[in-house]
Visitor: 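My structure is below; once you've seen it, I'll send some questions.
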Amino acid sequence: EAGVAQSPRYKIIEKRQSVAFWCNPISGHATLYWYQQILGQGPKLLIQFQNNGVVDDSQLPKDRFSAERLKGVDSTLKIQPAKLEDSAVYLCASSSEGLPWSYGYTFGSGTRLTVV
Amino acid sequence: DQQVKQNSPSLSVQEGRISILNCDYTNSMFDYFLWYKKYPAEGPTFLISISSIKDKNEDGRFTVFLNKSAKHLSLHIVPSQPGDSAVYFCAVKTSYDKVIFGPGTSLSVIP
């Protein structure tokens with residue numbers, strides 16, 4: 001099966017600009033996650049979707065970050081305006097409802113954002 | 001307030017020897033524990049997991065041990081191979097299938 005697709009792979013923007021990331025999960029996976037991984041740290045959950053509804057967005061900086069998952073498939077994560085501290089790798093992951101946790105869930109390759 | 005700690009940022013091991021990566025957590029309500037491996041420029045990949053009702057799970061060269069009383073788990077890799085060189089993340093599953101990651105340990109296996 002195809003994996004989790006993310007684009008772009010790399011993005012460099014100036015502070016105060018806006019940027020958007022796209023994720024296409026594994027076909028049929030109902031749950032989609034966006035994580036932020038700052039260099040030297042573990043991935044931090046930003047938002048979790050179940051189909052097209054938000055399950056958890058408690059750590060999403062809502063003054064500048066937004067995310068949507070239309071039709072319960074693809075998702076986009078947007079930052080506007082970007083700050084220097086937003087430089088990180090943005091990872092998307094997906095999982096299937098009822099998937100045994102012995103299998104974890106699958107990540108995409110990520111988008112590396114550099115804010116200058 | 002870190003709920004998952006990996007106190008060793010890095011570890012070097014000779015090829016063929018055992019690698020032991022450690023992880024501590026704070027909440028006894030976590031019900032599943034996972035290890036992910038990450039190579040540069042790639043997303044993390046799932047490696048092995050263990051349920052809170054078990055104390056050991058083995059998959060080939062990889063074994064995870066869980067000590068619930070100490071809130072501690074460890075990943076053993078035997079024998080270690082150069083291809084095992086990567087960053088290893090310990091992670092815990094909370095309610096609503098939310099996963100929290102530790103900061104990671106960078107493993108270098110020296111040929």
Side-chain angles (χ1 to χ4, degrees), chain A residues 3-10 21 23-26 29-51 53-60 88-112 114, chain B residues 1-10 21-25 30-54 56-59 62 64 66 73 75 86-106:
Chain A
V4 176
Q6 289 189 248
S7 67
R9 286 299 310 273
Y10 305 93
F21 313 125
C23 173
N24 184 265
I26 292 173
H29 279 195
T31 309
L32 184 146
Y33 312 79
W34 282 102
Y35 279 83
Q36 179 193 57
Q37 186 184 6
I38 293 172
L39 187 64
Q41 300 181 18
K44 182 184 83 171
L45 180 67
L46 292 176
I47 189 167
Q48 176 184 344
F49 291 95
Q50 182 77 18
N51 296 306
V54 175
V55 173
D56 184 347
D57 64 356
S58 57
Q59 297 198 81
L60 187 73
V89 175
Y90 291 84
L91 295 159
C92 179
S94 70
S95 68
S96 173
E97 266 183 301
L99 184 73
W101 274 95
S102 54
Y103 295 98
Y105 51 62
T106 305
F107 281 91
S109 297
T111 296
R112 178 176 294 279
T114 303
Chain B
D1 182 25
Q2 287 188 344
Q3 298 189 65
V4 183
K5 300 175 184 178
Q6 294 177 258
N7 292 323
S8 297
S10 62
L21 295 94
N22 293 303
C23 175
D24 297 292
Y25 59 94
F30 296 143
D31 61 355
Y32 236 100
F33 304 88
L34 308 99
W35 285 93
Y36 277 79
K37 180 166 93 171
K38 186 181 184 302
Y39 293 118
E42 295 183 13
T45 56
F46 171 75
L47 186 59
I48 191 170
S49 67
I50 187 167
S51 163
S52 60
I53 63 173
K54 296 187 176 181
K56 177 182 174 181
N57 187 27
E58 191 172 353
D59 183 3
F62 303 90
V64 56
L66 176 62
L73 68 156
L75 174 68
V87 177
Y88 289 79
F89 293 103
C90 170
V92 300
K93 184 183 87 66
T94 71
S95 55
Y96 301 109
D97 291 350
K98 177 179 173 178
V99 175
I100 301 172
F101 287 81
T105 296
S106 178

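Protein chains get the first letters and strands the later ones, always in sequence-line order, with residue 1 at the start of each. Every heavy atom of this structure was used, including side-chain atoms; hydrogens, water molecules and symmetry mates were not.
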Visitor: For the residue pair A/Ser109 and B/Glu42, confirm or rule out a side-chain donor-acceptor distance under 3.5 Å.
Guide: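 The criterion, which ignores hydrogens and geometry beyond distance, is not satisfied for B/Glu42 and A/Ser109.
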Visitor: With only heavy atoms counted, which part of B/Ala91 is less than 4.5 Å from chain A, the side chain, the backbone, both or neither?
Guide: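 For B/Ala91, neither part sits under 4.5 Å from chain A.
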Visitor: Give a yes or no answer on whether the side chain of B/Gln6 reaches the backbone of B/Tyr88 with a donor-acceptor pair at less than 3.5 Å.
Guide: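 Answer holds: yes.
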Visitor: Using non-hydrogen atoms and a 4.5 Å limit, figure out which bit of A/Gln41 sits close to chain B: side chain, backbone, both or neither.
Guide: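 Only the backbone of A/Gln41 comes within 4.5 Å of chain B.
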Visitor: Which bit of A/Arg112 is near chain B, if near means a heavy-atom gap under 4.5 Å: side chain, backbone, both or neither?
Guide: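 Answer is neither: A/Arg112 stays 4.5 Å or more from chain B.
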Visitor: Check whether A/Gln6 gets within reach of chain B through its side chain, its backbone, both or neither, counting any heavy atom under 4.5 Å.
Guide: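 A/Gln6 has no heavy atom closer than 4.5 Å to chain B.
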Visitor: Of all of B/Pro44, B/Pro9, B/Gly102, which one pairs up most often with chain A through heavy atoms under 4.5 Å apart?
Guide: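 So the answer, after comparing B/Pro44, B/Pro9, B/Gly102, is B/Pro44.
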Visitor: In terms of relative ring orientation, are B/Phe101 and A/Phe107 parallel, tilted or perpendicular, with 30° and 60° separating the classes?
Guide: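 Aromatic pair B/Phe101/A/Phe107 classed perpendicular.
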Visitor: Check whether any side-chain heavy atom of B/Asn7 sits under 4.5 Å from a side-chain heavy atom of B/Asn22, and report yes or no.
Guide: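 Result no, sub-4.5 Å side-chain heavy-atom pair not found.
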Visitor: Most heavy-atom pairs under 4.5 angstrom with chain A, which of B/Gly104, B/Ser106, B/Cys90, B/Pro103?
Guide: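 Greatest number of close heavy-atom pairs with chain A: B/Pro103.
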Visitor: How about B/Thr45 and B/Tyr39: does a side-chain donor come under 3.5 Å of a side-chain acceptor?
Guide: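 No, no side-chain donor-acceptor pair sits under 3.5 Å.
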Visitor: Under 4.5 Å between any side-chain heavy atoms of A/Tyr105 and A/Thr31, yes or no?
Guide: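 A/Tyr105 does not reach A/Thr31 side chain to side chain.
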Visitor: Select one option (side chain, backbone, both, neither) describing which atoms of A/Thr111 are under 4.5 Å from chain B's heavy atoms.
Guide: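 Looking at A/Thr111, nothing touches chain B.
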